[in-house]
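Right, one structure below, let's go through it.
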Amino acid sequence: MNEFLKMKKIILFASGSGSNAEKIIRRCQENKTMEVTRVYTNNPNAKVIDRANSLRVPVEVFNRESLNDGTISEKLKQDTPDLIVLAGFLWKFPEAIVKLFPNKIINIHPALLPKYGGKGMYGMNVHQAVLDNKETETGITIHYVNEHYDEGGIIFQKSVTIEDCATADAIAEKIHTLEHQYFSEVIEKLLT
């Protein structure tokens, strides 16, 4: 790597197991042109904490008040991220932060937006809705975050057939495979 090239800084937000966060951190550690400098989580019991700690990435646990009162905004300004990545983060991102980092916040959604997006449409809720509506395909959407749930500009979509899926869990498994395959790759492309 050219020593004069600036390492691209990524901040991750996650609420759960952190499997996507781990994939992103590992990709950054292999890539050496980008790094995850911090993981923020709103869940003190999230498995993402152990994953990040094992990969030597600092973790910050926060509550809704600090997200909305400007505390997290100030920390993000100090962190100076090139990209903020929501990887299974379940709260709506405050408009104030979105305005501070225009087109620098992305999210991954477990469906082909605009279908199955909006408030309450996350994780197994999405997969169950897809199953209940007898869809033959679903997929992932990586999109910019704006002030509305799942309405920011679409960066990338990938579909998968689910005609062989009899349960929401089977759909979730296919979606996780897509997420793990493409999320880090799209992030890397955005930062190069």
Rounded to the nearest 0.5 Å, what's the gap from CD on E22 to NZ on K47? Could you check?
-> 12.0 Å
Keeping the roles fixed (side chain from D79, backbone from P81), state whether a donor-acceptor pair exists under 3.5 Å.
-> no
Take Y116 and N133 through the side chain to side chain contact (heavy atoms under 4.5 Å, CB included) test and state the conclusion after the steps.
-> CA-CA 11 Å; Y116 304 105; N133 286 317; 3.1 Å; yes
Intermediate values then yes/no, side chain to side chain contact (heavy atoms under 4.5 Å, CB included), N20 and H180 = CA-CA 6 Å; N20 276 317; H180 293 165; 3.1 Å; yes
Answer yes or no: is there a side-chain heavy-atom contact under 4.5 Å between M34 and R27?
-> yes
Reported CD-to-CD1 distance for the pair E60 and I49, which is rounded to 0.5 angstrom | 11.0 Å
Heavy-atom closest contact (V36 atom, C28 atom, distance) | CG2-SG, 3.9 Å
Around atom NZ of K9, are there more than 12 heavy atoms of other residues, nucleotides or ligands at under 6.0 Å?
-> yes
Flag the pair S19 / R51 as yes when at least one side-chain heavy-atom distance between them is below 4.5 Å, and no otherwise.
-> yes
Is I97 reachable from V85 through a run of I, L, V, M, F, W or Y residues, each pair having side-chain heavy atoms under 4.5 Å apart?
-> no
Quick one: CD1 on I142 to CD1 on I106, what's the gap to the nearest 0.5 Å?
-> 6.0 Å
So do the side chains of I25 and V39 get within less than 4.5 Å of each other, counting heavy atoms only?
-> yes
Search all heavy atoms of L112 against all heavy atoms of S159 and return the closest pair with its distance.
-> CD1-CB, 3.8 Å
Side-chain heavy atoms under 4.5 angstrom apart, residues restricted to Ile, Leu, Val, Met, Phe, Trp, Tyr: same cluster for I84 and M7?
-> no
K23 side chain to S184 main-chain N or O, any donor-acceptor pair under 3.5 Å?
-> no
With hydrophobic residues grouped by side-chain heavy-atom distances under 4.5 Å, do L100 and I105 end up in a single group?
-> yes
Would you say the side chain of I154 lies within less than 4.5 Å of the side chain of H109, judging by non-hydrogen atoms?
-> no
Exam field: side chain N68 to backbone R64, donor-acceptor pair closer than 3.5 Å | yes
Any side-chain donor near an acceptor of the partner, D69 and T71, under 3.5 Å | yes
Beyond-backbone contact of L67 with P94, side-chain heavy atoms, under 4.5 angstrom = yes
CZ-CG distance between F101 and L76, expressed to the nearest 0.5 angstrom | 5.0 Å
Paired with F89, the ring pair (Phe, Tyr, Trp, His ring centres under 6.0 Å) test is passed by just one of Y40, F13, Y149, namely F13
Between the main-chain N or O of V145 and the side-chain N or O of N107, is there a donor-acceptor pair closer than 3.5 Å?
-> no
Is a side-chain N or O of N125 found less than 3.5 angstrom from the main chain of M121, in a donor-acceptor match?
-> no
Backbone of L113 reached by a side-chain donor or acceptor of T141 within 3.5 Å = yes
Nearest 0.5 Å, what's the CD-CD1 distance between E173 and I162?
-> 13.5 Å
Using a distance-only test with no angle check, is there a side-chain donor-acceptor pair under 3.5 angstrom linking N43 and S15?
-> no
When you measure from the side chain of K32 to the backbone N and O of Q29, does any donor-acceptor pair fall under 3.5 Å?
-> yes
Determine, stepwise, if the pair Q181 / K158 fulfils side chain to side chain contact (heavy atoms under 4.5 Å, CB included).
-> CA-CA 10 Å; Q181 185 176 354; K158 186 70 176 177; over 6 Å; no
Side-chain heavy-atom pair R38, K75 within 4.5 angstrom cut-off | no
More than 12 heavy atoms of other groups within 6.0 Å of F183 CZ | yes
pair M124-D169: side-chain heavy atoms closer than 4.5 Å = yes
So side chain to side chain donor-acceptor pair (under 3.5 Å) across residues 85-103, not counting sequence neighbours, yields E95-K99
Euclidean distance, E185 CD relative to I24 CD1, rounded to 0.5 Å = 12.5 Å
Can you check side chain to side chain contact (heavy atoms under 4.5 Å, CB included) on T136 and T161, steps first, answer last?
-> CA-CA 6 Å; T136 58; T161 60; over 6 Å; no
If only atom types and distance count, is the side chain of T41 paired as donor or acceptor with the main-chain N or O of A14 below 3.5 Å?
-> yes
Contact summary for E147 and V98, nearest pair of heavy atoms | N-CG1, 4.5 Å
Is any side-chain heavy atom of T138 less than 4.5 Å from a side-chain heavy atom of H127?
-> no
Electrostatic pair K77-E74, nearest N-O below 4.0 angstrom = yes
